[in-house]
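Each residue takes its place number in the sequence, starting with 1. All ligand and atom numbering here is 1-based and tracks the order in the structure.
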Amino acid sequence: MTDPKFYQLTRTERLAWLVAHEQLSAEDAAFLAQQQPLSDEIAGSMIENQIGQYQLPIGVVQDVVVNGQTYQVPMVVEEPSVIAAANNAAKMVRLNGGFQTHQQQRTMLGEVVLTDLPDLKVAQNWVLANQDLLMRVAQAAHPSIVKRGGGLQAIKVTVVDQTFLKLALTIDTQEAMGANIVNTICEAIAREVQSDLGGTILLSVLTNAAFGAVTVATVTLEPATLATKQLAGEIVAQRIVQATRFAQVDLPRAATHNKGIMNGVDAVVLATGNDWRAIEAGAHSYAAQSGQYQPLTSWQLAADGRLVGRIEIPLPIGMVGGSIGILPAVQVAHRLLKVTNACELAGVIAAIGLGQNLAALRALVSDGIQKGHMALQAKSLAIAVGATETEIEPLVAQLTQAKHLNTATATAFLAQLRHNNE
Ligand code: NDP
């Protein structure tokens, strides 16, 4: 008899496996096993008007190979098929040597916008001539980030719509996502410019179009490793290329193409305590930067017939700040993932996004995604109609054979099951 697969183990056995394979400490496994809620002190201090806690499952994508290193990637997600798809992609990519990633640079951007200036050209020239002064203002506003080797790097000044004076600030936030750092610096610069030039400060804040933190991940696959029961790998590869081409010219498809990518990206972002709204805003603004909303990945056939995939996505994530140091489950997730800096974390997240896209496209252009999804949806449906722990398995077995997978069918099957067991 072969050993059961990781997904076939019970939760307790999975935790024991991770401890036995030195992926998780015994203390962290015990923490996850207990499922302790946050203390009132932590929960109440994180948000206003806190009235309770909200649970989501945390799972793991096994053996994701990125730049030659193997990661156990934590995911927090409510959609049943996401981790199964990510594992499927991780396996295919492992057979092909893994993902390669790099983050070209890692800076955040802030915008300071003033209006009601008597002469915008004069104002623009003043900013250009007073860069040193503004640099000193930024350093004084946030000295600790300067000590850490970061801070304001550059100021670009433009007149927008013959109305607005805009200062675009490039800021190195080191290991933090940096919204608070950027906002502090922006506000200080805005006050300085206004005190010298007059006018009105319209806004001074970070932009979530974090194009200074674009991360690239690539993968090259032998078509044979993409084969399904019905289709040869070469056909699957060609169809993946075509499906991506279609997304480039069809906005409704591009939106869903990118949603599939964000299934994986957001789940890791959430598990690692990062701000998923910021990541979503950045990703979609990057996809739309040409004026035509585009897929975040590209898939092409190389001259040797191999399939080459690439994702480009802004990933302004942090290793410190926000809720990262506060939430115990986030700290366990970081210890499981074992990344050492924000660049490395961004690389893993980009790889997961590319893999998620690969798994979705492969399923779409071959069997369709419902087949895989429905097996998992059947379980959710069984729980939703009130199946108890012992009823779930037989009910799911029946539901996966059913013609119509819906609440009415599940309710009827459950009633029948209970009747038979009477
Ligand atoms: P924090 O202000 O929580 O954390 C940043 C601080 O961490 C730094 O100022 C620094 O303080 C400390 N730190 C410790 N080690 C390092 C290091 N190696 N590199 C950098 N900083 C370090 O968070 P952020 O500024 O990162 O802001 C992120 C938070 O802001 C998130 O919660 C996000 O949701 C929220 N936010 C997002 C917005 C948006 O996206 N539009 C807008 C507003 C807020 P010190 O040097 O003093 O130790």
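A distance-only check finds no donor-acceptor pair linking the side chain of Ser323 to the backbone of Ile326 [under 3.5 Å].
Between the side chains of Tyr293 and Asn258, at least one donor N or O lies within less than 3.5 Å of an accepting N or O. For the residue pair Asn263 and Lys259, a side-chain donor N or O sits within less than 3.5 Å of a side-chain acceptor on the partner. In this model, a donor atom of one side chain and an acceptor atom of the other lie less than 3.5 Å apart for Asn67 and Thr101. Donor-acceptor pairing under 3.5 Å is recorded for the side chains of Thr388 and Glu391. Looking only at atom types and distance, the side chain of Gln248 has a donor-acceptor partner in the side chain of Arg245 under 3.5 Å away.
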Would Met177 and Ile324 satisfy side-chain contact (heavy atoms from CB on, under 4.5 Å), going step by step from the backbone distance to the final call?
-> CA-CA 11 Å; Met177 179 268 198; Ile324 296 167; over 6 Å; no
Checking side-chain contact (heavy atoms from CB on, under 4.5 Å) for the pair Val112/Val193: CA distance, chi angles, key distance, verdict?
-> CA-CA 9 Å; Val112 173; Val193 174; 5.5 Å; no
Derivation and outcome, side-chain contact (heavy atoms from CB on, under 4.5 Å), residues Thr218 and Arg310 | CA-CA 4 Å; Thr218 57; Arg310 176 185 166 91; 3.9 Å; yes
Between Thr297 and Ile261, is a side-chain contact (heavy atoms from CB on, under 4.5 Å) present by the stated rule, with each step listed?
-> CA-CA 9 Å; Thr297 59; Ile261 293 168; 3.4 Å; yes
Audit row: Asp275, Arg277, salt bridge (Lys or Arg N to Asp or Glu O under 4.0 Å) steps and yes/no | CA-CA 6 Å; Asp275 180 340; Arg277 289 88 54 211; 3.3 Å; yes
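Under the 4.0 angstrom criterion, atom 33 (C) of ligand 1 counts as having a protein heavy-atom contact.
At a heavy-atom distance under 4.0 Å, only side-chain atoms of Arg148, from C-beta outward, approach ligand 1. Contacts between Ile181 and ligand 1 below 4.0 angstrom, taking non-hydrogen atoms only, involve backbone and side chain alike. The residue Val205 has no part lying near ligand 1, judged by heavy-atom distances below 4.0 Å.
In the vicinity of Ile145, heavy-atom distances shorter than 4.0 Å reach the ligand 1 atoms 20 (C). Every atom of ligand 1 is numbered from 1 in the order shown, and the set under 4.0 Å from a heavy atom of Met177 is 26 (O), 28 (C), 40 (O). Ligand 1 places these atoms under 4.0 Å from at least one heavy atom of Asp275: 33 (C), 34 (O), 37 (C), 40 (O). For ligand 1, the atoms sitting less than 4.0 Å from at least one non-hydrogen atom of Ala278 are 40 (O), numbered in the order shown with element in parentheses. Of all atoms in ligand 1, numbered sequentially from 1 with element shown, those under 4.0 Å from a heavy atom of Gln174 are 19 (N), 20 (C). Atoms of ligand 1 found under 4.0 Å from any heavy atom of Gly321, numbered from 1 in the order shown, are 1 (P), 3 (O), 4 (O), 23 (O). Residue-ligand proximity, His142 to ligand 1, at heavy-atom distances under 4.0 Å covers atoms 9 (O).
Closest to atom 31 (C) of ligand 1, if we only count protein heavy atoms, is Gly322 CA, 4.1 Å. Nearest protein neighbour of atom 41 (N) of ligand 1, counting heavy atoms only, is Asn208 OD1, 3.0 Å. Leu206 CD2, 3.4 Å is the protein heavy atom nearest to atom 39 (C) of ligand 1. When hydrogens are left out, the protein atom nearest atom 24 (P) of ligand 1 is Gly178 N, 3.4 Å; that is the closest non-hydrogen contact. Here the heavy atom of the protein found nearest to atom 1 (P) of ligand 1 is Asn180 ND2, 3.6 Å. Of all protein heavy atoms, the one closest to atom 47 (O) of ligand 1 is Ser144 OG, 3.3 Å. The protein non-hydrogen atom at the shortest distance from atom 20 (C) of ligand 1 is Thr173 O, 3.4 Å. In terms of protein heavy-atom proximity, atom 36 (N) of ligand 1 is closest to Ala179 CB, 3.4 Å.
The shortest heavy-atom distance from Met319 to ligand 1 is not under 4.0 Å.
Taking distance alone, with nitrogen or oxygen atoms compared against 3.5 Å, Glu175 approaches ligand 1 more closely than that limit.
Residue Pro74 comes nearest to Ala271 through the heavy atom pair O-CB, 3.6 Å, listed as atom of the first residue, atom of the second, then distance.
The aromatic rings of Phe211 and Tyr286 stand perpendicular to each other, their planes meeting at an angle above 60°, with 30° marking the opposite boundary.
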